[in-house]
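Chain naming here is simple, since letters A, B, ... match the order of the sequence lines and numbering starts at 1 in each.
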Protein chains: 2
Amino acid sequence: MTTSAKANVDTIQAEIIRRICFLDYPPGQRLKEAALATEFGVSRTPVRDAISRIKHLGLVETRNGVGTVVVTLTHAQIRHVYEMRQHLATLIGTMSPRPVTPGDLARISALLDAAISLERNFDTRFYLELNDQLQDLIAELIGNPVLRSFWRQAYFQAASTWYRVAALAKAEVAAALVQELRDLKDAINRGDIAAVGYVQRVQIGYGYQRIVHHLFSKVD
Amino acid sequence: MTTSAKANVDTIQAEIIRRICFLDYPPGQRLKEAALATEFGVSRTPVRDAISRIKHLGLVETRNGVGTVVVTLTHAQIRHVYEMRQHLATLIGTMSPRPVTPGDLARISALLDAAISLERNFDTRFYLELNDQLQDLIAELIGNPVLRSFWRQAYFQAASTWYRVAALAKAEVAAALVQELRDLKDAINRGDIAAVGYVQRVQIGYGYQRIVHHLFSKVD
DNA sequence: TCGCCGACATCTGTATACAGCTTTGTTATA
DNA sequence: TATAACAAAGCTGTATACAGATGTCGGCGA
């Protein structure tokens, strides 16, 4: 999958983050600057820049002479991320949210329709895309740019683990997504951003329970 | 102030952030990669790396052909940062804090003594150093690494504005620091990290009021 | 067969050269 | 004198070459 057009640093960063979140680069995967540079059609410099920032987000670690590896989160770290995400969720509604527009409602409706079709015919990749779009929509509803940044960061850290569960418990996560989107559509329809936050908080809690059940309970 | 020893990227990043927070690089200041490279005794590459990450933290902006400038926060942005910091403060105690050690108490006591001496003989630079050390201590009390990271980020964004007020209202901020440290020492003495968070929340509120009073009320 | 050691391959970290963009000072013209 | 065009300097963005570090694999000896 070689991108023909020359990409800039931000594009490269976003794409690598996306691949980590979507498990195209699973934990332990080694990223090679030279290979990425070739793929994106640039030199190693902008790739290094992008990786350097991703490293600072805590998604990868680089060791000299070895390469850059996608971090494997410990159970405790995953718990910490989810704990934080729950608290951030409740702040979404309380901290100067942006007013709801008709476009928001249209987007959430489209996502709900897509999720319902997903329930009948599950596709992991499509589930990831849907969630990604939903996270983007919610982030945009956050009026405080500082909170929005933190929300995104925490999402990046949680995503890969979350999506690992999705591949294991397909029907379960599809049903949960439909329910979540129904609740969110209702909340957005009323212009009640605080309710959006509470729905998120609850769903994050469910998500963590699924992680514990499907990943942590397994014997290593 | 030329650092004789060769510095690595992390050192350079921390030093530049420090200079921005301490207003050695005030808002609008232009940072030149070449000059910094010379000063730190390295090439432009690691300096660029450091600046790239600082840029991603929102402390500076880079324009091609012009340079990297320290951002000037708008009133709204400052309010957003302080709002976020207040909420994060309350989370300090609730999210799995690390147990208090005798070393913590010794450090807070030393800071209190220093603050008391500062009240009699104010020195802006010394005030900054004291606050910086206090922020470090509090960050270390946070058990959740995600929250700790967010706490630090928000501090970096708030610091320069906060310290701009310190130069204007010396007696006022010195007295507030003494009071804050007395409360914190008391809380830490009881091992009550939740109280530490509440003290922080209150003090952040006071700090924002001082900013509004001393900076925003002025006619531009 | 197991353990140790050394050469090799490979990857990141850094330095440096060059290209592209922006600003600014200067000069010519109305 | 004012203004517009132009040239030059300076900065960041990128490419590339080299140095340093680490994993890997084969051979040797006990």
Closest of D/dA15, C/dA15, C/dG13 to the A/E33 side chain is C/dG13
Can you tell me how far C1' of D/dT14 sits from CZ of A/F40, to the nearest Å?
16 Å
Side-chain H-bond candidate by donor/acceptor type, B/D49 with B/S52, under 3.5 Å
no
Heavy atoms only, 4.0 Å cut-off, all strands: where does B/I51 land among base, sugar-phosphate and nothing?
nothing
Rounded to whole Å, please give me the gap between CG in A/N8 and P in C/dC21.
14 Å
Testing the 3.5 Å rule here: is there a donor-acceptor pair between the side chains of A/Q77 and A/Q157?
no
Would you call B/R107-B/E140 a salt bridge at under 4.0 Å N-O?
yes
Taking the nucleotide of DNA chain D with the nearest heavy atom to each, does A/T45 or B/T68 sit closer to the 5' end?
B/T68
Rounded to the Å, how far apart are B/L36 CG and C/dA15 P?
14 Å
Taking atom types as modelled, find out whether B/Q153 and B/S149 have a side-chain donor-acceptor pair closer than 3.5 angstrom.
yes
Go through the structure and list residues passing side-chain contact (heavy atoms from CB on, under 4.5 Å) with A/K55, not counting sequence neighbours.
A/V60, A/T62, B/R53
For C/dG13, take OP1 and OP2 only and decide whether either is under 4.0 Å from a side-chain N or O of B/S43.
no
Check the distance between D/dT14's C1' and A/I12's CD1 and give it to me in whole angstrom.
11 Å
Going 5' to 3' through nucleotides 18-23 of chain D and flagging B where a protein heavy-atom sits under 4.0 Å of the base, S where only the sugar-phosphate is that close, and - otherwise, we get --BBBS
Does B/R48 put a side-chain nitrogen or oxygen below 4.0 Å from OP1 or OP2 of D/dT12?
no
A/D136 with A/R152: basic N within carboxylate O range, under 4.0 Å
yes
What I want to check is whether the side chains of B/Y127 and B/D123 have a donor and an acceptor closer together than 3.5 Å.
no
Rounded distance (Å) that lies between atom P of C/dC11 and atom CG of A/L31:
12 Å
Both B/D49 and A/K32 contact DNA chain C. Taking the nearest nucleotide for each, which residue is further toward the 5' end?
A/K32
